[in-house]
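Because only heavy atoms are used, hydrogens play no part in the values below, and waters and symmetry mates are left out as well, while side chains stay in. On a predicted model such as this, the values are computed, not experimentally measured, just so you know. Chain letters run A, B, ... following the sequence lines, proteins first and then strands; every chain starts at 1.
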Protein chains: 2
Amino acid sequence: MAAPLFFPAVTIIGVGLIGGSLAKVMKAKHLAGVITGAGRSREALEQALRLGVIDKGGQDVRRAVEQADLVLLASPVRSFSPIVREIGSAIKPGAILTDVGSVKGGMVRALEGLLPPGVRFVPGHPIAGREQHGVAAATETLFRGAKCILTPTARTDARALETVKDLWAATGASVVVMDPDLHDQVFAAVSHMPHVAAFAMMNAVAELGSGRESYLQFSGAGFRDFTRIAASSPEMWRDICLLNGKNIVDMIDRYQSSLDLMKRKIQDGAAEELEDLFKQASDVRRGMQ
Amino acid sequence: MAAPLFFPAVTIIGVGLIGGSLAKVMKAKHLAGVITGAGRSREALEQALRLGVIDKGGQDVRRAVEQADLVLLASPVRSFSPIVREIGSAIKPGAILTDVGSVKGGMVRALEGLLPPGVRFVPGHPIAGREQHGVAAATETLFRGAKCILTPTARTDARALETVKDLWAATGASVVVMDPDLHDQVFAAVSHMPHVAAFAMMNAVAELGSGRESYLQFSGAGFRDFTRIAASSPEMWRDICLLNGKNIVDMIDRYQSSLDLMKRKIQDGAAEELEDLFKQASDVRRGMQ
């Protein structure tokens with residue numbers, strides 16, 4: 001796999017928004033010969049074929065990976081272990097396996113334990129998404145300007161890591177290399193816990209009032225912004241919470257301490273200290289965009 | 001003050017985004033004769049004059065209200081009591097005083113206690129805002145499609161209430177009449193507590209990592225949506241928290257219970273119950289937009 005970057009045969013398991021978008025980039029930039037889509041949903045594969053996102057499609061993931069030089073795991077993260085158990089021994093020695101899962105630490109160790117030595121696994125996580133899902137929403141600009149985290153371990157092949165870096169750089173993403181356990185701490189803080197917080201907020205407010213008198217009818221743009229992520233997939237977030245539970249619970253604790261402190265200042269009528277706490281938050285937030 | 005709706009002399013105290021936008025609507029719809037702006041900031045008044053939002057401006061609020069048929073309090077909510085103490089006896093008998101403050105219950109009772117009997121006070125709260133502040137951001141479309149809550153009490157003059165209803169209806173807002181104490185409960189739930197939660201979230205996450213390694217650099221669109229309201233004015237939210245503290249603390253408690261429940265389910269690895277909780281939130285949120 002020398003320069004220029006080219007994979008004669010690519011297999012994408014899970015041709016949804018992310019897998020489909022990467023396929024589109026690889027086609028547009030001539031980085032791939034034949035792209036095969038694989039996964040459980042025949043409907044999704046047929047749609048991807050119709051849209052020209054993949055060249056071939058099949059529900060037998062083991063057969064789909066046999067010829068591949070690059071295998072991309074882009075199915076729901078809960079499916080990674082069973083899929084790798086199924087396909088591991090069918091992947092060509094020397095081929096690269098990479099993924100786009102939003103949990104890394106323990107998951108990376110588990111997958112490494114399941115793979116035969118010849119398969120070169122490079123764990124990855126592109127920070128991209130949009131409100132729409134599925135291959136119909138896939139676009140070759142999805143990763144442009146986004147970050148893509150790669151989380152190699154001591155077992156990761158250095159040249160395969162460089163190749164996967166080049167692949168993500170070609171999508172327009174900026175690549176960051178990070179320890180897999182640190183990744184899970186960071187994303188518990190900036191993504192996983194905030195999703196739990198948004199779900200919890202919705203449930204706390206939704207039960208107030210009822211029908212036409214529901215409190216929610218008085219919510220403004222701020223509340224809608226705040227809870228937008230509460231519309232996310234319950235299944236996906238259940239899985240993430242189970243796979244990164246320890247870090248998420250730690251972050252909920254940290255968040256609750258911050259909330260407790262503000263609550264106490266409100267109860268005490270401590271105007272100045274409350275303003276200082278709000279100002280600290282407001283200054284950081286204003287610096288963010 | 002019979003139909004058609006017309007106020008020969010209007011005084012707006014605090015010509016910022018809200019006060020300025022209402023002035024613009026009244027000019028565009030020919031609802032006002034002379035509009036006088038009043039407030040502490042000479043700069044803001046000069047800007048409002050230059051922009052043609054007001055016809056006259058003055059820093060002496062007492063003098064500014066003497067001729068007014070309608071007085072609008074649109075300054076920061078903490079200034080309401082001192083201002084009403086100052087202007088109350090200068091307002092013409094029969095004139096209408098209304099406000100746009102985001103707390104009502106105790107504040108309404110306090111203002112009623114300060115006013116002479118001849119002044120007809122109609123408490124109000126338009127649910128409108130935008131990221132920009134100040135009179136330069138004022139627009140006559142700000143209230144279109146928004147809700148405006150009016151919170152009359154047993155002491156509110158029924159005809160003055162109808163007049164203020166008509167005024168807000170003319171802005172394109174839909175008017176809702178609500179008990180002032182219920183208003184404060186509702187807005188603690190859908191606005192005040194979520195702002196505290198966003199401030200607390202920012203503080204909890206901002207302290208993690210440092211400099212170029214700050215966790216925040218990995219935040220995506222979801223986190224930015226979630227914390228957008230944490231960029232709000234610390235002074236304003238300090239005031240709201242002090243004026244509606246009891247309700248806000250109750251809502252923080254309720255929110256923390258909802259968060260605790262999810263935390264326990266994560267710790268227990270209770271997949272199904274966690275998914276149910278997330279699904280409940282996700283279903284309500286998806287139904288909202």
Side-chain angles (χ1 to χ4, degrees), chain A residues 127 147 186 189-191 194-206 208 215-216 218-220 222-232 234-235 237-238 241-242 245 248-249 252 254-256 258-259 262-263 266-267 269 271 274-275 277-282 284-286 288-289, chain B residues 127 147 186 189-191 194-206 208 215-216 218-220 222-232 234-235 237-238 241-242 245 248-249 252 254-256 258-259 262-263 266-267 269 271 274-275 277-282 284-286 288-289:
Chain A
I127 315 307
K147 284 197 170 69
V186 168
V190 300
S191 172
H195 275 81
V196 175
F199 286 131
M201 173 77 68
M202 277 310 303
N203 286 353
V205 178
L208 297 167
Y215 284 19
L216 282 178
F218 298 104
S219 59
F223 187 82
R224 283 198 292 277
D225 277 349
F226 193 84
T227 57
R228 181 156 299 123
I229 55 179
S232 309
E235 301 79 17
W237 286 99
R238 172 203 64 196
C241 284
L242 298 175
I248 295 173
V249 166
I252 293 175
R254 184 179 280 272
Y255 174 44
Q256 289 201 317
S258 175
L259 208 46
M262 289 185 182
K263 187 171 86 173
I266 296 172
Q267 285 170 320
L274 200 57
E275 186 182 345
L277 290 171
F278 290 175
K279 188 169 184 320
Q280 185 184 326
S282 176
V284 177
R285 184 59 184 84
R286 287 176 203 208
M288 267 177 69
Q289 47 194 2
Chain B
I127 315 305
K147 284 195 170 70
V186 169
V190 301
S191 172
H195 275 82
V196 176
F199 286 131
M201 173 77 70
M202 276 312 302
N203 286 353
V205 177
L208 297 166
Y215 284 18
L216 283 178
F218 298 104
S219 60
F223 187 82
R224 283 198 292 274
D225 277 349
F226 193 85
T227 57
R228 182 157 300 125
I229 55 178
S232 309
E235 300 78 17
W237 285 100
R238 172 203 63 196
C241 284
L242 298 176
I248 295 173
V249 166
I252 294 175
R254 182 180 281 272
Y255 174 44
Q256 288 201 317
S258 174
L259 208 46
M262 290 186 181
K263 187 170 87 174
I266 296 172
Q267 285 170 319
L274 199 57
E275 186 182 344
L277 290 170
F278 290 175
K279 188 167 182 324
Q280 186 185 323
S282 176
V284 177
R285 185 58 185 83
R286 286 175 203 208
M288 267 177 68
Q289 47 193 5

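Ranked by heavy-atom pairs under 4.5 Å with chain B, the list A:Gln280, A:Lys147, A:Gln256 is led by A:Gln256. Counting heavy-atom pairs closer than 4.5 Å to chain A, the top-ranked of the candidates B:Ala206, B:Cys241, B:Gly269, B:Gly245 is B:Cys241. Counting heavy-atom pairs under 4.5 Å between each of B:Phe223, B:Trp237, B:Tyr215, B:Phe226 and chain A puts B:Phe226 at the top. Considering only heavy-atom pairs separated by less than 4.5 Å from chain A, the leading option among B:Arg254, B:Lys279, B:Gln267 is B:Arg254. Here B:Pro194 is the residue among B:Ala198, B:Pro194, B:Ser191, B:Gly220 with the most heavy-atom pairs under 4.5 Å with chain A. Between chain B and the residues A:Leu274, A:Leu216, A:Ile127, A:Leu259, the most heavy-atom pairs under 4.5 angstrom are made by A:Leu259.
Residue B:Ser219 touches chain A through both its backbone and its side chain, counting heavy-atom pairs closer than 4.5 Å. For B:Lys263, the parts sitting under 4.5 Å from any heavy atom of chain A are the backbone and the side chain alike. Contacts between B:Met262 and chain A at a heavy-atom distance below 4.5 Å involve the side chain alone, from C-beta outward. B:Leu208 touches chain A through its side chain: at least one heavy atom from C-beta onward sits under 4.5 Å away, while N, CA, C and O do not. Looking at B:Ile248, the atoms closer than 4.5 Å to chain A (heavy atoms on both sides) all sit in the side chain, from C-beta outward.
Counting all heavy atoms, side chain and backbone alike, B:Ala200 lies closest to A:Ser258 at O-OG, 2.8 Å. For the residue pair A:Ala231 and B:Ser282, the shortest heavy atom distance occurs at O-OG, 3.3 Å. When all heavy atoms of B:Arg286 and A:Pro234 are compared, the closest pair comes out as NH2-CD, 4.0 Å.
Ring geometry for B:Tyr255 against A:Tyr255 counts as perpendicular: the plane angle is over 60°, on a 0 to 90° scale with 30° as the lower cut.
For the pair A:Asn203 (side chain) and B:Leu277 (backbone), a donor-acceptor distance under 3.5 Å is present. Side chain of B:Arg238 to backbone of A:Ala271: no donor-acceptor contact under 3.5 angstrom is found. In terms of modelled atom types and a separation under 3.5 Å, the side chain of A:Arg228 and the main chain of B:Arg285 share no donor-acceptor contact.
Between B:Ile266 and A:Val196, some side-chain heavy-atom pair lies under the 4.5 Å cut-off.
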